[in-house]
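Let me begin by presenting the structure, written as structure tokens, before commenting on it.
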Amino acid sequence: MTSTMLSRRSFLAMAATLPLAFKSAAAAAGAIPVGLELYSVREALKKDPEGTIRAVAQMGYEAVEFYAPYFEWTPAYAKDVRKLLDDLGIRCLSTHNSSTYFTTENLPHAIELNQILGSKFIVMASSGRVDNLDGWKAVADVLNRAAEKLKPAGLRTGFHNHLTEFIPIGGKRPMEVLAANTGKDVMLQLDVGPCVEAGSDPVAWINANPGRIRSMHCKDWSPDPGKGYKVLFGEGVVPWKKVFQAAEKNGGIEFYLIEQEGSAYPPMETAQRCLTAFRKAHPA
């Protein structure tokens with residue numbers, strides 16, 4: 001059977017037989033956990049949430065990051081998800097959220113769900129349309145206000161970059177504006193691929209923001225035609241060893257997250273291949 005012909009059903013059957021060696025070895029060593037941003041397997045997650053999370057755990061991932069649709073859950077459903085995570089021995093350390101979830105009306109629901117899940121960070125993963133530097137300062141204000149509201153709940157906030165935030169406006173990158181105008185407790189969740197695509201140095205960015213890169217999306221990128229974000233982890237141009245060194249020496253990294261936008265392989269197999277490559281590049 002070729003890799004591209006591997007069905008989701010056969011993959012799940014195979015995954016159920018895999019040992020959890022990576023996970024148990026990493027946990028025993030107290031290593032920095034590596035999780036999966038579940039957007040990477042979004043279609044499978046829509047069709048079979050429980051089966052998908054089980055398969056991700058069997059691969060050896062130690063955490064998951066739920067993305068925006070989780071906000072539609074009821075507290076009761078979130079409790080069921082938490083039980084599943086606990087039973088599988090994995091964690092939800094952060095969630096991705098639309099900027100609309102940070103409003104006075106919506107933030108309490110996000111807080112409740114994240115507390116149930118055991119999450120540590122409510123991350124703004126989409127700022128909406130922002131046209132100028134003043135607009136980015138306004139985004140920073142939203143993050144600062146959220147940080148104050150999250151503290152009593154034992155949660156922190158953060159911002160996840162895309163390509164836009166590393167493209168200069170008026171001589172400044174929006175990420176610089178966000179970093180300069182938010183408190184030190186606001187995490188700057190670095191998505192490495194877009195940073196590199198924009199021509200920025202991820203190592204320099206991490207070193208310029210010590211203690212604020214609490215988590216990172218390990219997404220590779222290639223400038224070669226037709227490749228872009230389709231390359232698997234380690235197959236692009238990101239200098240991963242230097243990135244890891246900076247993240248662990250200066251960035252304050254607490255957990256890594258694999259994210260993949262698509263590849264030549266089915267999404268579930270892609271997630272497995274990326275984790276295997278990650279473990280080789282960053283042994284527990």
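As the structure is a computational prediction, the values presented were derived from the model and not from experiment.
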Which heavy atom of [X] sits nearest a heavy atom of [Y], and at what distance?
X	Y	value
Ala63	Ile90	N-CB, 4.3 Å
Ala246	Val203	CB-CG1, 4.0 Å
Thr52	Leu45	OG1-N, 3.6 Å
Trp205	Ala179	CH2-CB, 4.1 Å
Thr104	Pro108	O-CD, 3.2 Å
Arg212	Gly183	NH2-O, 2.9 Å

Using side-chain heavy atoms (C-beta onward) and a distance below 4.5 Å, is [X] in contact with [Y]?
X	Y	value
Met216	Ile206	yes
Phe71	Thr95	no
Arg173	Ser200	yes
Pro174	Val130	no
Pro202	Phe166	no
Asn161	Pro194	yes
Asn209	Met175	no
Val41	Leu38	yes

Answer yes if [X] and [Y] sit in the same cluster of Ile, Leu, Val, Met, Phe, Trp and Tyr residues linked by side chain heavy atoms under 4.5 Å apart, and no otherwise.
X	Y	result
Val243	Tyr256	yes
Tyr70	Leu88	yes
Leu93	Tyr61	no
Val123	Trp73	no
Val64	Leu84	yes

inquiry  = Working note: His282 + Glu248, criterion side-chain hydrogen bond (donor to acceptor under 3.5 Å, both in side chains); need CA distance, chi angles, decisive distance, verdict.
reply    = CA-CA 11 Å; His282 188 284; Glu248 292 169 27; 2.5 Å; yes
Taking NZ, NE, NH1 and NH2 as the nitrogens, is one of them in [X] or [Y] under 4.0 Å from a carboxylate oxygen of the other?
X	Y	value
Glu62	Arg279	yes
Lys219	Glu37	no
Arg82	Asp86	yes
Glu43	Lys47	no

Report the distance from atom [atom1] of [X] to atom [atom2] of [Y], rounding to the nearest 0.5 Å.
X	Y	atom1	atom2	value
Ile122	Leu155	CD1	CG	5.0 Å
Arg214	Phe255	CZ	CZ	10.5 Å
Asn114	Phe66	CG	CZ	10.5 Å
Leu143	Asn181	CG	CG	10.5 Å
Thr270	Leu232	OG1	CG	6.0 Å
Leu275	Phe233	CG	CZ	10.0 Å

Do we see a donor-acceptor contact under 3.5 Å between the side chains of [X] and [Y]?
X	Y	result
Asp191	His160	yes
Asp220	Ser222	no
Tyr229	Glu197	yes
Arg273	Ser263	no
Glu65	Ser94	yes

query = Is there a donor-acceptor pair under 3.5 Å between the side chain of Arg156 and the backbone N or O of Ala147?
reply = no
message = List the residues meeting ring-ring contact (aromatic ring centres under 6.0 Å, His included) with Tyr39, not counting sequence neighbours, and say none if there are none.
response =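 Expected list: Tyr67.
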Check against side chain to side chain contact (heavy atoms under 4.5 Å, CB included), Glu254 and Phe121 = CA-CA 11 Å; Glu254 295 180 14; Phe121 294 95; 3.8 Å; yes
request  = For the pair Lys149 and Thr157, evaluate side chain to side chain contact (heavy atoms under 4.5 Å, CB included) and give the outcome as yes or no after the intermediate values.
outcome  = CA-CA 10 Å; Lys149 292 178 180 179; Thr157 191; over 6 Å; no
request  = Give the intermediate values and the outcome of side chain to side chain contact (heavy atoms under 4.5 Å, CB included) for residues Lys120 and Arg91.
outcome  = CA-CA 10 Å; Lys120 299 172 67 176; Arg91 300 181 62 190; 4.2 Å; yes
inquiry  = Checking Val139 against Phe159 for the side chain to side chain contact (heavy atoms under 4.5 Å, CB included) test, could you report, in this order, the C-alpha distance in whole Å, the side-chain angles of both residues, the deciding distance, and whether it holds?
reply    = CA-CA 10 Å; Val139 174; Phe159 186 88; 4.2 Å; yes
ask   = Which of these passes side chain to side chain contact (heavy atoms under 4.5 Å, CB included) with Cys195: Leu163, Leu190, Asp201?
value = Leu190
request  = With sequence neighbours left out, write down each residue that passes side-chain contact (heavy atoms from CB on, under 4.5 Å) with Val142, or none if nothing qualifies.
outcome  =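 Partners of Val142 under the side-chain contact (heavy atoms from CB on, under 4.5 Å) test: Phe102, Met124, Arg145.
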